[in-house]
Amino acid sequence: MRVWDPHGTAQQVLEADRGPVQALALTRYRQTTTAAAGGLDGSLTLWDVESASARFTLAPDDGPITSVSFGLAGDTVICGTGRGTVRVHATADGALKQVPTPHTDRILSLAYFPLRAVPQLLGPSEMILVWLV
């Protein structure tokens with residue numbers, strides 16, 4: 001993946017050997033920019049963007065990752081899969097924090113609600129699900 005500044009100048013190349021990236025999110029966490037990428041192979045990799053170094057990669061779990069989002073403080077990352085699974089991890093070390101009840105279909109999009117940090121998702125069934133995390 002390539003990272004550009006607002007003027008279109010390439011800044012970093014984030015390398016991974018896990019195949020195509022399907023979902024991407026960025027946040028500011030602990031004074032650094034962190035990128036999260038979900039792969040078609042189901043892996044989730046977090047990078048320190050300034051140093052272009054991978055912080056960790058979580059092994060594939062339950063199908064391709066189709067959506068990634070960070071919590072408002074940047075300390076959690078949530079990912080959704082093509083099989084309806086949602087996982088919430090700690091940004092610092094990848095520790096699994098929560099696995100909400102799965103959806104019955106693939107997850108197309110995830111977002112945190114700004115007032116209460118409630119992840120929401122939208123699947124092809126056009127359902128919106130809300131979890132308290």
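- Side-chain contact between L108 and T66 is absent, with no heavy atoms from C-beta onward closer than 4.5 Å.
- Between the side chains of T34 and R55, at least one donor N or O lies within less than 3.5 Å of an accepting N or O.
- F56 approaches A90 most closely through the heavy-atom pair CZ-O, 4.0 Å.
- Side-chain atoms of T27 do not come within 3.5 Å of backbone N or O of F70 as any donor-acceptor pair.
- When hydrophobic clusters are built by joining Ile, Leu, Val, Met, Phe, Trp and Tyr residues whose side-chain heavy atoms come closer than 4.5 Å, directly or via intermediates, V49 is grouped together with L24.
- Checked by atom type and distance alone, the side chain of T32 never pairs as donor or acceptor with a backbone atom of D48 at under 3.5 Å.
- A side-chain contact (heavy atoms from CB on, under 4.5 Å) with I107 holds for exactly one of T81, V86, I65, T85; it is V86.
- Closest approach of L110 and C79 over heavy atoms only: CD1-C, 3.5 Å.
- A heavy-atom distance below 4.5 Å is not found between the side chains of K97 and I78.
- Heavy atoms only, all atoms of each residue included: T57 and S43 are closest at CG2-CB, 4.1 Å.
- Follow the hydrophobic side-chain contacts under 4.5 Å out from L26 and you never reach V77; the two are in separate clusters.
- At a threshold of 4.5 Å between side-chain heavy atoms, the hydrophobic network of Ile, Leu, Val, Met, Phe, Trp and Tyr places V21 and V68 in two separate groups.
- A 4.5 Å side-chain heavy-atom check between T76 and H89 finds every atom pair outside the cut-off.
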